[in-house]
Amino acid sequence: MEHPHPQRLRPPPRERFADDLTTFDLVRTFDALDLEEGASTDGHRQITLFKRGPFTLMALSFEADATWPRHLTDGVVTLELIRGHVDIFTSEGRHTLLDRGLSVIQPRVALSVHAPKASHLLMGVYLEPED
């Protein structure tokens with residue numbers, strides 16, 4: 001499918017998130033990220049799989065020794081490791097996540113991620129409602 005912004009790597013979000021039910025083949029999703037042309041950012045590539053209201057779901061593919069720089073989010077963050085090994089750094093120190101592991105991070109906790117080896121990670125962000 002050709003889309004109106006030729007410089008975009010993917011169709012715009014309003015097209016990707018329009019269906020009532022969205023199903024993902026995660027093997028194909030991560031294979032496509034791994035094969036994407038162009039330079040990665042800090043050794044990782046990411047795509048937003050779904051976004052609606054306070055919820056965002058992203059797939060992140062890390063090359064060996066890649067980093068995801070420090071982030072602070074006003075909501076709960078879930079990190080589900082599909083394949084590989086990542087170290088999650090918070091103010092409490094390093095937390096290791098291995099194949100098929102899941103971490104839940106409380107709102108407003110600064111975190112960064114380092115992947116010692118190639119890894120695939122699903123990240124969910126659940127923003128808290130504004131007061």
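- Under the side chain to side chain donor-acceptor pair (under 3.5 Å) criterion, T22 pairs with no residue, sequence neighbours left out.
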Under 3.5 Å, which donor-acceptor pairs link side chains of residues 65-75 to any protein atom two or more places apart or in another chain?
from, atom 1, to, atom 2, distance (Å)
D65, OD1, H114, NE2, 2.7
W68, NE1, Q46, OE1, 3.4
H71, ND1, P69, O, 2.6

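- Remark: side-chain polar atoms of T48 are not paired, donor with acceptor, to backbone N or O of F50 under 3.5 angstrom.
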- Item | Verdict with reasoning, L97 to L79, per side chain to side chain contact (heavy atoms under 4.5 Å, CB included) | CA-CA 9 Å; L97 195 58; L79 300 174; 4.2 Å; yes

Determine all donor-acceptor pairs shorter than 3.5 Å in which one atom belongs to a side chain in residues 24-33; sequence neighbours excluded.
from, atom 1, to, atom 2, distance (Å)
D25, OD1, V27, N, 3.1
D25, OD1, R28, N, 3.1
T29, OG1, D25, O, 3.0

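- Think of L35 as one node in a network of Ile, Leu, Val, Met, Phe, Trp and Tyr side chains linked at under 4.5 Å; it has no links at all.
- Under the 4.5 Å side-chain heavy-atom criterion for ILVMFWY residues, no single connected hydrophobic cluster contains both L81 and L102.
- Sorted by first and then second residue, the side chain to side chain donor-acceptor pair (under 3.5 Å) pairs with a member in residues 77-88 read R83-H120, H85-D87, D87-T96; sequence neighbours excluded.
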- Worked check of side chain to side chain contact (heavy atoms under 4.5 Å, CB included) between V77 and V109: CA-CA 9 Å; V77 174; V109 171; over 6 Å; no

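- Cluster membership for L127 and L111, using ILVMFWY side-chain heavy atoms within less than 4.5 angstrom, is shared.
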Could you list the donor-acceptor pairs under 3.5 angstrom formed by side chains in residues 54-63, with sequence neighbours left out?
from, atom 1, to, atom 2, distance (Å)
T56, OG1, K51, NZ, 3.3
S61, OG, D34, OD1, 2.2
E63, OE2, S40, OG, 3.2

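- Considering every non-hydrogen atom in both I82 and D99, the closest pair reads O-OD1, 4.5 Å.
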